[in-house]
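Notes follow the structure.
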Number of protein chains: 2
Amino acid sequence: MSDKRRTTLKDIARALNLSPSTVSRALNSYPSLSDETIRQVKEYAEKHNYIPNTLAVNFRKNRTSILGMIVPEIVHHFFSTTISGAIETAKKQGYHVLVAQSGDTLEGEIFACRTMLGLGVDGLLISISNETVEGDHISDFLDEGKPVVQFDKITDHLKTPKVVVDDFDGAYNAVKHLIRQGYRKIAHLSGRMDVKNAHQRFLGYKKALEDHGLEFKDELVKNCIDISEKEGFNFTKELMNSLNPPDAIFCITDLVALGSMKFLQSSGYEIPAQVGLMGFSNWMLSDYTTPSLSSVDQHGDLMGSKATDILIDLIKNQELGKDTTVELKTELVYRDSSLKP
Amino acid sequence: MSDKRRTTLKDIARALNLSPSTVSRALNSYPSLSDETIRQVKEYAEKHNYIPNTLAVNFRKNRTSILGMIVPEIVHHFFSTTISGAIETAKKQGYHVLVAQSGDTLEGEIFACRTMLGLGVDGLLISISNETVEGDHISDFLDEGKPVVQFDKITDHLKTPKVVVDDFDGAYNAVKHLIRQGYRKIAHLSGRMDVKNAHQRFLGYKKALEDHGLEFKDELVKNCIDISEKEGFNFTKELMNSLNPPDAIFCITDLVALGSMKFLQSSGYEIPAQVGLMGFSNWMLSDYTTPSLSSVDQHGDLMGSKATDILIDLIKNQELGKDTTVELKTELVYRDSSLKP
DNA sequence: TTGAAAGCGATACCAA
DNA sequence: TTGGTATCGCTTTCAA
């Protein structure tokens, strides 16, 4: 193993006959220094390929420039998008992002919080697991003076800034779009009503119907438990085989919509002619199905980016932040599955 | 902001009338210490909620327990899978993974390497960008005694351990499968021949034909430049409209296969009855197309996991590793698009 | 405008 | 078995 010692600040000081403090200040461009000194030091540093020892700086300043980020699952189009957004935004401000996944379990989330706190991250970005309720493990960050920003899947138990998508609005617009296309009996494959996003989407669906003079019918709503393709398939089957089948289905997720699509196609229904279909999330694959699936884009990159901006601001100002919520607008993506001929 | 100072090692020493060194040793359970001292120290530490300052430890030991990981794009099913695999494996050994994306550009890769080196990662996992050739920025890690493990997209210019998928074998099996299904004129939508993975897949395709007594024909091979859906569409059009159209197409990637599928369907060809189709990568969406797309799974999680294991071993043994290559086997995933009725 | 020196918290060497 | 102390590299008062 090669082991040439890196050039240190002291080396430069010795070589230039300056004190370490002066060199430090020069490298950080302190205004009080003479331009000549600064130039000289920087030139020498450059020439000798000086790389500051971040470990020492961090230690001294008691910070790491690392943001912790915890998501339920990394291998998930939406979350990988938020991660990408966070990383890029952090990069611009000289921060790094350390990612962990909770596996959507409380246990995994607690473990991730522990190790991140131990590592000394400067702040936390988190989208909580399905099992998280109180979130004491998250409060630990706040207790240590480290800000936390929640995004997408959030809990109101924690008084932190939050960034979410306006699910209500997104659902409302999706359903409004279906109505405008001429669909009249619109069903909703929903999620668990105790999950905030799902509930909001349900409310948006309901409101859109009411605002457009369509009757809300309980039997046209089915609640998925694990938001799976299979559930989409089965509930759609149930709906279509009922006495009063819908002419359009708004699904809580693209995956559910895919299940729905599979049932409809396997039973000979034509999409969008006979049945309109809308998903939510705008997964990559919605563009590649046949017919392509209309959906609601959640702008994950923007969400990750926004949450990161807020977090870095708090860190820089040494604040913990208020219990505020930023709601990002969704974007309707019209594709074939909802465009009635 | 709460700002109670954390208990430090010195605090404990003072309180128990011991030297800092003894306390340090006690907390790390040095065998030379008396059990009594150890018990006493640990008890006090526990009671006063002592948390070692990781920053100080890292600084002193000159390590971070952080692995750098650079991939072309995070928002990509395969890479997010490798990331997930790396993170989970690192976790088991007490390491963290810091992810960056190069955006498939040399510039982005160099920047990522710089910041990671600056941060003081203990080692690097990298899947190089399309633009990377020499990779001096990667050698910088080796020069500092930090091991590097390449995975998936690799360069032989760098003498490091590598983990890749056996592309040749994967392609060979895919084509063999098509032949066994009864297809006889098998085309290949390939990639750039100067990209290793693409070249290997091409060779595997060719060999499979030869081994099964089928003639290799140049005009049945098309080279995609940016591996896009569009190229899949256009080249398939070209092939099918030629004098001697194929009865099956093996695509370098699922995305290309999707383009292919779209053209075939839009032109009324039946898959798999008239034309068989195979992708490569086993993207999430291959399961959701109609017909579902046969593909070759690259086991990204395993690749990330394996590369991480190798890297951590090297770090622990303070070695840089040899120029070896681990080839992981792919797995054929048979779906509808290649099962000739 | 620059220097001297203390110190961040933990570790490890040399003594005792 | 334990203590004393230098040290890691850098930043930051306080003084000059």
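Below, chains carry the letters A, B, ... as their sequence lines are ordered, and counting in each starts from 1. Reckoned from all heavy atoms, side chains included, excluding hydrogens, waters and symmetry mates.
Shown here are the salt bridge (charged side-chain N to carboxylate O under 4.0 Å, His left out) partners of A/Lys153, two or more places apart in sequence or in another chain: A/Asp104. Applying the ring-ring contact (aromatic ring centres under 6.0 Å, His included) test to A/Phe59 and every residue at least two apart in sequence or in another chain returns B/Phe59. Shown here are the ring-ring contact (aromatic ring centres under 6.0 Å, His included) partners of A/His157, two or more places apart in sequence or in another chain: there are none. Applying the salt bridge (charged side-chain N to carboxylate O under 4.0 Å, His left out) test to A/Lys196 and every residue at least two apart in sequence or in another chain returns A/Asp156.
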Pull out every protein N or O sitting under 3.5 Å from an N or O of nucleotides 1-3 of chain C, one pair per line with the distance.
unit_1, atom_1, unit_2, atom_2, d
C/dT1, OP2, A/Ser32, O, 2.7
C/dT1, O5', A/Ser32, O, 2.7
C/dT2, OP1, A/Thr37, OG1, 2.8
C/dT2, OP2, A/Ser34, N, 3.1
C/dT2, OP2, A/Thr37, OG1, 3.1
C/dG3, OP2, A/Ser19, N, 3.1
C/dG3, OP2, A/Ser19, OG, 3.4
C/dG3, OP2, A/Thr22, OG1, 2.5
C/dG3, N7, A/Arg25, NH2, 2.7
C/dG3, O6, A/Arg25, NH1, 3.2
C/dG3, O6, A/Arg25, NH2, 3.2

Let me have the donor-acceptor pairs involving side chains of residues 107-125 of chain A, under 3.5 Å, with sequence neighbours excluded, atom names and distances please.
unit_1, atom_1, unit_2, atom_2, d
A/Glu109, OE1, A/Ser129, N, 2.7
A/Glu109, OE1, A/Thr132, OG1, 3.1
A/Glu109, OE2, A/Thr132, OG1, 2.8
A/Glu109, OE2, A/His137, NE2, 2.7
A/Thr115, OG1, A/Phe111, O, 3.4
A/Thr115, OG1, A/Ala112, O, 3.1
A/Asp122, OD1, A/Thr64, N, 2.9
A/Asp122, OD1, A/Thr64, OG1, 3.2
A/Asp122, OD2, A/Thr64, N, 3.3
A/Asp122, OD2, A/Ser65, N, 2.7

With a 3.5 Å cut-off and sequence neighbours excluded, list the donor-acceptor pairs that the side chains of residues 301-315 of chain A form with protein atoms.
unit_1, atom_1, unit_2, atom_2, d
A/Ser305, OG, A/Thr89, OG1, 2.8
A/Thr308, OG1, A/Gly304, O, 2.6
A/Asp309, OD1, A/Gln93, NE2, 3.1

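Side-chain atoms of A/Gln150 and A/Thr155 form no donor-acceptor pair, as typed in the model, at a separation below 3.5 Å.
Near DNA chain D, meaning a heavy atom under 4.0 Å from it, residues 41-64 of chain B has B/Phe59, B/Arg60 in order of number.
Taking five base pairs at each end of the helix from C/dT1-D/dA16 to C/dA16-D/dT1 and finding the rotation axis that steps the C1' atoms of four pairs onto the next four gives two axes whose angle is 40°, to the nearest 10°.
With respect to A/Asp323 and A/Lys162, a salt bridge is recorded, a charged nitrogen being found less than 4.0 Å from a carboxylate O.
The stretch residues 81-97 of chain A participates, sequence neighbours left out, in these salt bridge (Lys or Arg N to Asp or Glu O under 4.0 Å) pairs: A/Glu88-A/Lys91. Residue pairs meeting the salt bridge (Lys or Arg N to Asp or Glu O under 4.0 Å) criterion with at least one member in residues 32-57 of chain B, sequence neighbours excluded: B/Glu36-B/Arg39, B/Arg39-B/Glu43.
Across B/Phe78 and B/Gly300, no two heavy atoms sit closer than the pair CE1-CA, 3.5 Å. Nearest heavy atom pair, residue B/Leu9 against residue B/Pro20, reads CD2-O, 3.2 Å.
Scanning DNA chain D 5' to 3' for nucleotides with an atom closer than 4.0 angstrom to a non-hydrogen atom of chain B gives a first and last hit of D/dT1 to D/dG9.
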